[in-house]
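A short worksheet on the structure shown next.
No experiment lies behind these values; they were computed from the predicted model shown.
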4 protein chains.
Amino acid sequence: MTNQVPRPGRKRSEQSRLAILAAAFEIVAEQGYGALSVERIAARSGVGKQTIYRWWPTKADVLLEALALKADLHIAPTPQDSYAADLRAFLLATFELARDEKVIAVLRSLMAEAQIDDGFGRRFRESFLADRRSALGELLDRAAARGDLPATPAPDLAIDLVFGTLWYRVLAAHRPVDDQLTDDLVAVLAP
Amino acid sequence: MTNQVPRPGRKRSEQSRLAILAAAFEIVAEQGYGALSVERIAARSGVGKQTIYRWWPTKADVLLEALALKADLHIAPTPQDSYAADLRAFLLATFELARDEKVIAVLRSLMAEAQIDDGFGRRFRESFLADRRSALGELLDRAAARGDLPATPAPDLAIDLVFGTLWYRVLAAHRPVDDQLTDDLVAVLAP
Amino acid sequence: MTNQVPRPGRKRSEQSRLAILAAAFEIVAEQGYGALSVERIAARSGVGKQTIYRWWPTKADVLLEALALKADLHIAPTPQDSYAADLRAFLLATFELARDEKVIAVLRSLMAEAQIDDGFGRRFRESFLADRRSALGELLDRAAARGDLPATPAPDLAIDLVFGTLWYRVLAAHRPVDDQLTDDLVAVLAP
Amino acid sequence: MTNQVPRPGRKRSEQSRLAILAAAFEIVAEQGYGALSVERIAARSGVGKQTIYRWWPTKADVLLEALALKADLHIAPTPQDSYAADLRAFLLATFELARDEKVIAVLRSLMAEAQIDDGFGRRFRESFLADRRSALGELLDRAAARGDLPATPAPDLAIDLVFGTLWYRVLAAHRPVDDQLTDDLVAVLAP
DNA sequence: TGTTAAGCGAGACGGTACGTCGCGTCTTACG
DNA sequence: CGTAAGACGCGACGTACCGTCTCGCTTAACA
């Protein structure tokens, strides 16, 4: 029952949409977020600037959609039989992505822009970040239902500890998020 | 034994320096990092642009020095008699700062710019961030020397957990770093 | 048979073009060439700087076009029946313009800039100055064809004498180019 | 009766004065007036900017004095026994100078600046230009006293014709002022 | 023989303007 | 009506010079 009103006029060009997303992703991957401008995206993707402004409010929103396209982030690992195993699987899947230098560059850009532009910040938090948090939240709920969850730390703190450490490594420490970190976090959270 | 070379020419104006730092801090506090430009700093502080460019490579460096001026960050809490007490004192002192909305705005700006400008990123990591890390590092060393340090988590991870959670709350969660968080972190790190 | 290639994109704004030319002319007329800057032209004409740089290489080129707009310089006096009469008519028409203080200010500015900027100097010589020279040249050719031209001075020297004296009065002597000068020059050139 | 008050304090440095004049002349000769700035003169001559501003009101005044130093312009040709011979000698001596490319560059610069800066314009007219005019004026007076002067053109016009043609060639035509021009002018003025 | 005052090289200062880049909006002709 | 093209008003960039103002030092005439 989706709104299927066939409106008059030319249809949105899927080809342009994909070219825009690819261009944005590549510019950030190759030259960093400082080199990303709407003008450059348009030039690289062979598109008019207006076509970008018609569909996205800011260049960061383009990049956010480009990330969603490049890396489907909604892959939930199949549930395991214990909290520790569930958590390990989640962390491995999450860190998998964060090992790709290009994805790292995009993530850092998005988090940076979220600090500078309040509007984008809200969108970023309420879509991307909230999604990730709720994925881990469901996992914790499942463990709690099973009575498998340790008293400490509390679920909310656990979530902050996991994503905090991950983002801190990416943003501040410039150290990789490797399997060692997975083991360490599991040891702390599911002792 | 400081380098006492009396260089020729007019001395640097301390008054201008302070006016610049104050202006930068206030613009970010009042209007956000998106409103910060070298031109505005100059106008607000009654200074020529060249005077800013003569002493700082980027506007973010101005802001970093302004933060150091506003909030002396080198206050080390006096050592307590246990790891838990030491850690609690450190966290309370650290979070004290991060409760000031203006300081928060500046911290978010600096971390954002560090993602966008590689040069500033390096300076930010190697001065500000390294300083904070080593303050906590010394505390952990002291505990280890006393045999007061739990086996888990390892010191490096402990540091990442503390600062990761702090920064994540500031950058991503937009939740305050309150005394509850202090208690929770102490419970996790010094059980 | 003009080039009728319908290029895509927004058309150049005639309104902005005229506002720019008027602003440049007025600034020089009111405050002198030293007060002319691209920034001021833009501010006075309510236009972005880029719009000026898009269409003119230097502010002097703007001024040159403004002069062409203000004073249509291609008015050739109708041929008379003798060299002396022809010459007198040409000089009167030419000096007419050079009696307007504003036009004088612009002419002095253009000649000054032509000395400082080689590129503009070439454009100024090959358009404006060459046009004026050839107007007088045709007049001399006509006289020569009629056998009406005295042996001395030769045509090339005659042209230098006329324009030299005119420009010298404007640039160096700050004396008006009046009807007396017309009579004097005719007496020298067509005795 | 010159003011011979022996004031205390350090004497003006003749060495700096000469270095400044030489630097100004060379910069214009080598790179054109557009490249002349007080800062560059100071750097090239190893002098502080203040030393320049202490003794000259503008960079054009420096250049004017530099020209006077390089080329002593007050050499009056020895009087001949006829107006035509006198005039020919004057023109040859005058054009001698105007054959040096470096001197040409300086003359063009001075005339240009005289159009832009009113204050310098007045000084330039009342010193340099007036000197040259009066040199020719004396020659004409001498001829008039001898009854050797033709009725046409009148002395004032003759002066304008000579200097007008000379300057026009230098400023507008970019053609050399050669011996041919000397002959032509003598033919026109002293037929 | 100091004391005083001017000149000096150096260079920081508050400004103005430069020419360029990017923003987000608009107008045009085509599909 | 979407699209590629591109002009538009605007704001900021980082740089060059402007003319002024300290600095510490040197160089004379005067006390």
Side-chain angles (χ1 to χ4, degrees), chain A residues 7-13 15-17 35-43 45-55 57-59, chain B residues 6-17 19 35-43 45-55 57-59, chain C residues 6-17 35-43 45-55 57-59, chain D residues 5-13 15-17 19 35-43 45-55 57-59:
Chain A
R7 288 190 290 137
R10 192 171 171 175
K11 290 269 167 57
R12 176 175 183 183
S13 162
Q15 179 183 321
S16 290
R17 178 178 159 265
L36 188 71
S37 73
V38 174
E39 222 125 45
R40 265 224 258 273
I41 297 174
S45 59
V47 138
K49 279 166 60 175
Q50 196 60 257
T51 301
I52 299 177
Y53 284 112
R54 203 190 321 275
W55 303 108
T58 75
K59 63 188 177 184
Chain B
R7 291 205 284 118
R10 189 174 174 174
K11 291 261 168 64
R12 175 174 184 183
S13 164
E14 182 66 9
Q15 179 182 321
S16 290
R17 180 180 156 263
L36 187 71
S37 72
V38 173
E39 217 130 48
R40 268 230 256 273
I41 297 174
S45 59
V47 138
K49 280 165 60 173
Q50 197 64 53
T51 300
I52 299 177
Y53 284 111
R54 193 175 296 122
W55 302 109
T58 74
K59 62 188 179 185
Chain C
R7 291 205 283 119
R10 188 173 174 174
K11 290 262 167 66
R12 175 175 185 182
S13 162
E14 183 67 8
Q15 179 183 321
S16 290
R17 180 180 156 264
L36 188 71
S37 71
V38 174
E39 217 130 49
R40 267 229 256 276
I41 298 173
S45 59
V47 139
K49 281 165 59 175
Q50 197 62 56
T51 300
I52 299 177
Y53 284 112
R54 207 188 324 273
W55 302 108
T58 75
K59 61 188 179 185
Chain D
V5 182
R7 289 189 291 138
R10 191 172 173 175
K11 290 270 167 62
R12 175 175 184 181
S13 162
Q15 178 183 321
S16 291
R17 179 179 157 264
L36 188 70
S37 73
V38 174
E39 222 126 45
R40 266 226 256 273
I41 298 174
S45 60
V47 138
K49 279 166 60 176
Q50 196 61 258
T51 301
I52 299 176
Y53 282 112
R54 192 175 295 120
W55 302 109
T58 75
K59 63 189 179 185

* Structure fact -> Taken to the nearest whole Å, CD/C:Glu14 to P/F:dA7 is 15 Å
* To do: Record whether the side chain of C:Gln50 comes under 3.5 Å of the base of E:dC21 through a donor-acceptor pair of N or O atoms.
  => yes
* Structure fact -> Closest heavy-atom pair, C:Val38 versus C:Ile52, reported as atoms and distance to 0.1 Å, is O-CD1, 3.8 Å
* Asked: Counting just side-chain N and O atoms, does C:Arg7 come under 4.0 Å of either OP1 or OP2 of E:dT28?
  -> no
* To do: Assign each of C:Leu36 and B:Gly46 to its nearest nucleotide of DNA chain E by heavy atoms, then name whichever residue's nucleotide is nearer the 5' end.
  => B:Gly46
* Structure fact -> Assign each of D:Gly9 and D:Arg12 the nucleotide of DNA chain E bearing its closest heavy atom; nearer the 5' end lies the nucleotide of D:Gly9
* Asked: When the C1' atoms of the five terminal pairs at each end define the local axes, what inter-axis angle does the helix from E:dT1-F:dA31 to E:dG31-F:dC1 show, to 10 degrees?
  -> 10°
* For residues A:Ala42 and A:Gly48, report the shortest heavy-atom separation together with the two atoms involved. => CB-C, 4.3 Å
* Asked: DNA chain F: D:Lys59 or C:Ser45, which has the more 5' nearest nucleotide?
  -> C:Ser45
* Just how far, in rounded Å, is P of E:dG31 from CD of A:Gln15? -> 16 Å
* Structure fact -> Value for CZ (B:Arg54) from OG1 (B:Thr51), rounded to nearest 0.5 Å, stands at 5.0 Å
* **Geometric cation-pi criterion, C:Arg17 with C:Trp55: 6.0 Å, 45°** => no
* Gap between atom CD of C:Glu39 and atom CD1 of C:Ile41 - 0.5 Å precision -> 10.5 Å
* To do: Measure from OH on D:Tyr53 to C1' on E:dG7 and round the result to the nearest Å.
  => 18 Å
* Asked: D:Arg54 side chain N/O closer than 4.0 Å to the phosphate oxygens (OP1, OP2) of E:dC8?
  -> yes
* Between P of F:dA5 and CD of A:Glu39, the distance in whole Å -> 13 Å
* To do: Search all heavy atoms of A:Ser13 against all heavy atoms of A:Ser16 and return the closest pair with its distance.
  => OG-N, 3.0 Å
* Side-chain N,O (B:Lys11) to OP1/OP2 (F:dG24) below 4.0 Å -> yes
* Asked: Reckon C:Thr51 has a side-chain N or O less than 4.0 Å from the OP1 or OP2 of F:dA7?
  -> no
* Whole-Å distance separating the CZ atom of A:Arg17 from the P atom of F:dT3 -> 12 Å
* Any N or O donor-acceptor pair linking the side chain of B:Lys49 to the base of E:dG14 at under 3.5 Å? -> no
* Can you tell me if the side-chain N/O atoms of B:Ser16 get under 4.0 Å from OP1 or OP2 in E:dG14? -> yes
* To do: Scan B:Arg40 against the nucleic acid and name what it touches under 4.0 Å (heavy atoms): base, sugar-phosphate only, or nothing.
  => sugar-phosphate
* Examine F:dT22: is either OP1 or OP2 under 4.0 Å from a nitrogen or oxygen in the side chain of B:Arg10? Give yes or no. => yes
* Asked: Would you say E:dC13 has OP1 or OP2 under 4.0 Å from some side-chain N or O of B:Trp55?
  -> yes
